[in-house]
Structures are given as C-alpha cells and as structure tokens.
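Scroll down for the structure; my scribbles are underneath it.
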Amino acid sequence: MIGAELLVRTLEEHGVEYIFGVPGDIENTLFAALKDSRIQFFNVRHEQSGAFMADVYHRLTGKLGVCFSTLGPGATNMLTGVANAHQDRSAVLALSGQLARPQLTFDSHQYINLKRVFEEVTKATFIVKRARDMNADISSAIRIAKREKPGPVHVTLPIDVLDEDASGYRTVSSHQELTFNYEVQLREMYDLIKNSNKVTAIAGPGVVRANASAHLVAFLEKYNIPAYTSFLAKGVIPEGHALNCGILSRHSTKARENLGNQDLVILLGYDRIEGVEPIMWEGARATATVDETSPPDGFVPTVEVRAPIRDVLESLTTRLDPVRKDAADIEAMRIKTPLVTSEVEEMFPAHPAYVLKVVGELLGRDDVVVSDVGLHKQYVGMYYPAEAPNKTIFSNGLSSMGFSLPAAIAAQLVLPDQNVVAVTGDGGFQMNLQELATAVEHRLPITILIFNDGGYGMVKDRQLRQVKKTYAAQFLHNTHYAKIAEAYGAKGFRLETVKDLRANLRAAIEHRGVSVVDIPIQQYSDIQGMR
C-alpha cells in the first residue's frame with residue numbers, strides 16, 4: 001500500500017462521502033486510488049467554490065466536509081473558502097498537493113509554503129512527511145476539525161509521500177471524550193434567572209451545531225423569556241413564535257438599547273465572529289453564557305456554564321423548577337419587519353422585501369434559501385420566514401461575496417428532495433458564476449435569484465451615506481444574465497415588469513433544472529427596522 005491509497009482508506013474510515021475540488025496534474029496516484037473508492041470526487045470549476053461546498057456540506061449534514069486543491073495557485077484559490085469555513089465554524093479537511101519533499105525550497109517552481117499560508121485561517125495545519133504517518137496525521141486533523149468549536153484543518157500532501165510505501169503505518173488511538181462538571185455553575189445561572197426581573201436570551205450558532213432548537217424553545221416557553229437569534233442561528237426559534245424578537249444585527253441600535261436595559265442577558269452558543277460585540281448588551285446588570293468553549297477574549301460573563309448546550313437547557317427546563325418571568329413588552333423589543341405595502345409591491349425595479357415575501361410564499365418549510373453577501377443579506381435575515389434551523393444559509397463570519405452559488409450546489413446535493421434558492425447580488429453572482437457549469441453537469445436543480453441593482457449595492461449605500469456620492473461601485477455595462485445562464489445550459493429569466501415576478505419565480509422554482517432569474521432591484525439605501 002502506498003501513501004495515496006492509505007489516505008483514501010483513512011478518509012473512508014472516517015465516513016467521507018465527497019471531496020470537493022479541482023484535480024491537479026501531479027497527484028495522479030491519489031486519483032488512481034479514488035477511482036475504486038466509494039468516495040466521490042466532486043469536480044468544481046474553482047477551488048474557492050470547493051471549499052464553500054465543503055463548508056455547507058458540514059453545516060447541513062454534521063459530517064466532515066473535505067476539499068482539495070493542487071499546489072501553488074490551486075491552494076491559494078482555495079484559501080478564501082477555507083477562511084470562510086474557519087469564521088463560520090465548519091469542520092472541513094482541506095487537502096493540497098505539493099512538490100516532492102526535496103523540492104520544498106523557496107526557489108522551486110510553483111512552491112508556496114502552504115503550512116504558513118493556511119495557519120492564520122485554520123485550527124491547525126499539517127505536512128505529511130512520511131507515508132506511514134498518513135493515517136495518524138489525517139485522523140488527528142479530522143479530530144481537531146470536528147472538536148467544538150469546529151473549523152478547518154489544512155493538510156499538505158507532498159507527491160512523493162503519496163507515492164511512497166506506507167507499510168507498517170502508524171495509527172493514533174481516539175482520545176477520551178471531554179467530561180463537563182458544571183453543577184455549581186448551572187445552579188448559579190438558575191439563581192441568576194430566578195432573581196432577575198427583565199431577562200432576554202441571544203441564541204447563536206452553537207445552538208444549531210448542538211441540534212438544540214427544540215430544547216431552546218422549550219426553555220424559553222417554560223421561563224417566558226424573549227430571545228434574539230444571530231444570522232447563523234436564524235430559524236432555531238420559529239419565525240412566528242411569540243417569544244422571537246427577530247434577528248440580531250450588529251447594525252441595530254434598537255436591539256442595543258433593549259439589551260442594555262436588561263437585568264440579565266443569556267448568551268447560548270454565542271460567537272463573536274458574527275460581528276455582534278459585547279458592547280451590544282453594555283449596561284445589562286448581569287450576563288450568563290452557555291457553551292462548550294470559553295467566552296471570547298475580553299468578555300467576562302457574570303456566570304459561565306461551560307457544558308453541552310442541550311444538557312444545560314434540558315436541566316433548566318425539566319430538572320430544576322422553571323421560574324416563569326413576568327411578560328415582557330416583546331413588541332417593543334422586537335426587530336420589526338415593516339409591512340410590504342401595495343405601493344412597495346408595485347415598484348419596478350422591484351423592492352427586495354417584496355421579492356423575498358413572494359419567495360417565502362412559494363417555498364415550503366423544509367426548503368432552503370442561501371444568501372450571498374451584501375444588503376440583500378440583511379433583507380433575507382429580516383424578511384425570509386425561516387421556521388427551522390439551517391433553512392437559511394449565510395456567510396456571516398468572513399462574509400464572502402460569491403458564496404451563495406457554490407453553497408446552494410452543496411445544499412441541493414445533500415437535500416435532493418428540497419427546493420434550494422440562492423439569493424445573490426449581481427456583484428456576488430459574477431464572482432463564482434462559473435459554477436453554473438457544475439450545477440448543470442451534476443443536474444442539481446437550484447434556482448438563483450440575482451438582485452440586480454447595477455453595482456455593489458452595499459458599497460454604494462455606504463458611500464452615499466458618508467460622502468454623498470459614489471466611486472467605482474456602479475457597473476457601466478448592463479450584463480444579460482439570462483443569456484449567460486442559457487449559455488451554460490441553464491434556464492434564464494429576465495424580469496421586465498413587477499407583474500411578472502410571481503409567475504417567473506414559480507416557473508424557475510418548478511423547473512427541474514438550473515434556473516437563473518435576473519431581477520432589477522431598487523437601490524435600497526435604508527434597511528428599515530435594522531436600526
């Protein structure tokens with residue numbers, strides 16, 4: 001057995017189903033080993049997209065996502081997607097081919113020190129230096145990637161190691177699971193809740209990873225505690241639930257005022273990486289955190305319960321006697337979504353809130369909306385009615401434009417019975433539009449909605465607010481995106497009047513192939529309700 005074969009065997013042992021990436025011309029023994037494997041190499045058009053797909057694959061399945069690049073420019077192409085997985089806490093194993101060990105010097109053709117490049121955007125980096133270390137190194141990398149908080153680990157694979165005899169390879173024994181002792185802290189948190197009048201919770205992405213949505217809702221209902229959710233936790237409290245105060249944006253001065261007036265703010269699976277800083281609840285009398293990892297540097301809660309979120313919520317709800325809090329003025333706390341009026345519905349170019357209202361009416365509870373990055377992300381957060389976790393997918397830590405199309409491909413791959421809709425701006429779409437070919441090739445019937453305002457909408461908005469004019473944020477060429485879609489073999493729609501919106505969206509979603517809908521959008525310069 002050679003190193004490449006041992007690599008594939010190790011990945012199989014860890015349940016890997018897909019490797020997302022672009023093959024190189026030096027890792028031939030690896031692909032020879034994959035040919036007879038149950039692992040599918042999912043060929044994409046850009047390495048960044050492969051990493052985005054591995055990220056979303058992990059989010060939706062809980063399984064390890066794996067992406068691959070060849071050396072040099074292939075690896076640097078993959079870097080942004082790996083950084084995105086790092087900041088959105090996805091367990092991803094990122095593999096890169098590399099020159100043979102004697103050539104790992106700065107003046108070798110296509111050589112880049114990948115260990116150093118990836119150190120800043122991963123939990124750990126490895127170089128497999130001997131074929132017989134392959135199983136141990138890959139297994140260690142996977143364990144680190146999956147450990148809370150999860151994240152990517154990068155492994156460099158010199159081609160001579162892939163070709164080397166791996167006989168007598170070494171393995172690593174699994175580590176004992178971490179045991180949490182938190183009874184004292186749990187009681188402190190319970191007493192804090194009991195002795196506080198005004199209590200509000202914030203649910204973060206840790207609740208999603210813990211599969212604790214039902215436990216969270218039960219806890220909130222028993223204690224009558226209102227709650228906000230972060231973007232990555234949208235849906236852990238159903239949209240129409242009476243205790244749901246809405247999505248917490250770092251831009252919301254209203255939420256900051258509400259949280260600052262509380263006796264107690266409870267943070268469940270909170271992650272600073274989403275941009276919501278502790279200053280949001282500055283002024284609150286006390287804070288409590290529940291997570292398996294420590295709070296971020298510089299934030300010292302009144303009570304820290306370091307334990308599995310589900311266990312803590314279940315104990316508070318069933319083992320301890322729930323203390324029902326007085327009814328809060330939730331309407332005053334709620335981040336309100338303004339009504340979509342008949343005037344808004346008649347606008348053309350279309351208003352984004354109306355578009356998302358129609359999308360919400362056409363999709364079912366289990367369907368998935370993937371948002372790109374820009375002002376439209378704020379609208380998806382506010383206006384799309386998610387009734388369960390992981391039904392809206394965001395890039396929110398790194399906030400990477402170009403995320404939505406490859407992310408939607410991964411979502412459709414693992415959820416073949418659900419509709420998957422990507423919402424993107426014309427700027428973000430053009431960053432990874434080549435993946436239309438991937439979606440068509442794999443016959444994945446995703447729908448892409450392009451919110452087309454002729455430029456970088458958020459950049460224009462900020463420029464107009466701060467300097468009263470725009471610079472380099474407007475596209476001077478009017479691209480025909482429907483024709484681009486058709487050139488890739490997808491179905492293209494171009495909205496000419498708002499009266500055709502519902503019919504076009506319905507036709508696109510019901511089309512059993514890839515579809516792209518070009519929707520002219522108002523230059524929306526104010527997100528009502530976020531402030």
Between the side chains of [X] and [Y], does any donor sit under 3.5 Å from an acceptor?
X	Y	answer
His14	Ser139	yes
Gln262	Thr200	yes
Ser96	Ser69	yes
Tyr228	Asn258	yes
Thr438	Glu435	yes
Gln418	Asp367	no
Asn84	Ser400	yes

Going from [atom1] on [X] to [atom2] on [Y], what distance comes out if it is rounded to the nearest 0.5 angstrom?
X	Y	atom1	atom2	result
Leu259	Met280	CG	CE	6.0 Å
Leu268	Ser230	CG	OG	11.0 Å
Asp372	Met431	CG	CE	8.5 Å
Ile2	Met134	CD1	CE	9.5 Å
Phe126	Leu157	CZ	CG	12.0 Å
Leu363	Lys391	CG	NZ	11.5 Å

Intermediate values then yes/no, side chain to side chain contact (heavy atoms under 4.5 Å, CB included), Val514 and Ile448: CA-CA 8 Å; Val514 181; Ile448 303 105; 4.0 Å; yes
How close do [X] and [Y] get, heavy atom to heavy atom, and via which atoms?
X	Y	answer
Phe20	Gly50	CB-O, 3.3 Å
Val236	Ala203	CG2-CB, 4.0 Å
Ile39	Val16	CG1-O, 3.3 Å
Leu405	Leu433	CD2-CA, 3.9 Å
Ile138	Leu11	CG2-CD2, 4.1 Å

Tell me whether [X] contacts the main-chain N or O of [Y] through its side chain, where contact means a donor paired with an acceptor under 3.5 Å.
X	Y	result
Asp88	Gly397	yes
His58	Lys63	yes
His46	Gln48	yes
Lys123	Arg147	yes
Asp133	Val128	no
Tyr270	Val276	yes
Lys234	Gly381	yes
Ser399	Val373	no
Asp160	Arg101	yes
Thr317	Glu314	no

Pair Thr293-Glu148, side chain to side chain donor-acceptor pair (under 3.5 Å): steps then yes or no: CA-CA 7 Å; Thr293 58; Glu148 189 69 23; 5.5 Å; no
Residues in ring-ring contact (aromatic ring centres under 6.0 Å, His included) contact with Phe299, at least two apart in sequence or another chain: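 In terms of ring-ring contact (aromatic ring centres under 6.0 Å, His included), with neighbours along the sequence ignored, Phe299 is linked to Trp281.
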Arg310, Arg89, Arg306, Lys149 screened by salt bridge (Lys or Arg N to Asp or Glu O under 4.0 Å) with Asp291, the one that passes: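 In the set Arg310, Arg89, Arg306, Lys149, the residue that makes a salt bridge (Lys or Arg N to Asp or Glu O under 4.0 Å) with Asp291 is Lys149.
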Lys115 with Glu119: basic N within carboxylate O range, under 4.0 Å: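 Yes, Lys115 and Glu119 are salt-bridged.
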Partner residues of Ser213 under the side chain to side chain donor-acceptor pair (under 3.5 Å) criterion, sequence neighbours left out: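 Once residues adjacent in sequence are excluded, Ser213 has no partner under the side chain to side chain donor-acceptor pair (under 3.5 Å) criterion.
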Chi angles and distances behind the ring pair (Phe, Tyr, Trp, His ring centres under 6.0 Å) call for Phe68, Phe31: CA-CA 11 Å; Phe68 176 84; Phe31 289 94; 5.6 Å; yes
Atom CZ of Arg272 with >12 non-hydrogen neighbours under 6.0 angstrom: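 Result for CZ/Arg272: enclosed.
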Arg132 atom CZ, over 12 foreign heavy atoms within 6.0 Å: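 Count not over threshold, so no.
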Tyr111 and Gln98: CA distance, side-chain angles, deciding distance, side chain to side chain donor-acceptor pair (under 3.5 Å) verdict: CA-CA 8 Å; Tyr111 173 70; Gln98 181 57 286; 5.2 Å; no
Charged tip of Lys377 within 45° of Phe231 ring normal and under 6.0 Å: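 Flagged: Lys377 positioned over aromatic ring of Phe231.
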Candidate pair Val92 and Leu64, rule side chain to side chain contact (heavy atoms under 4.5 Å, CB included), full reasoning: CA-CA 6 Å; Val92 169; Leu64 179 77; 5.9 Å; no
Side-chain heavy-atom pair Val8, Thr10 within 4.5 angstrom cut-off: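 No. Closest side-chain heavy atoms not under 4.5 Å.
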Stepwise side chain to side chain donor-acceptor pair (under 3.5 Å) test for Asn432 and Gln434: CA-CA 5 Å; Asn432 271 320; Gln434 75 281 347; 2.9 Å; yes
Contacts of type salt bridge (Lys or Arg N to Asp or Glu O under 4.0 Å), residue Asp55, not counting sequence neighbours: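 Result, salt bridge (Lys or Arg N to Asp or Glu O under 4.0 Å) vs Asp55: Arg59.
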Aromatic plane relationship, Phe52 with Phe403 - under 30° parallel, 30 to 60° tilted, over 60° perpendicular: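 Perpendicular, since the angle between the ring planes exceeds 60°.
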Worked check of side chain to side chain donor-acceptor pair (under 3.5 Å) between Ser108 and Gln103: CA-CA 6 Å; Ser108 291; Gln103 295 175 285; 5.4 Å; no
Single hit among Lys129, Arg170, Arg130 for side-chain contact (heavy atoms from CB on, under 4.5 Å) with Asp137: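 Going through Lys129, Arg170, Arg130 one by one, the side-chain contact (heavy atoms from CB on, under 4.5 Å) with Asp137 is satisfied by Arg170 alone.
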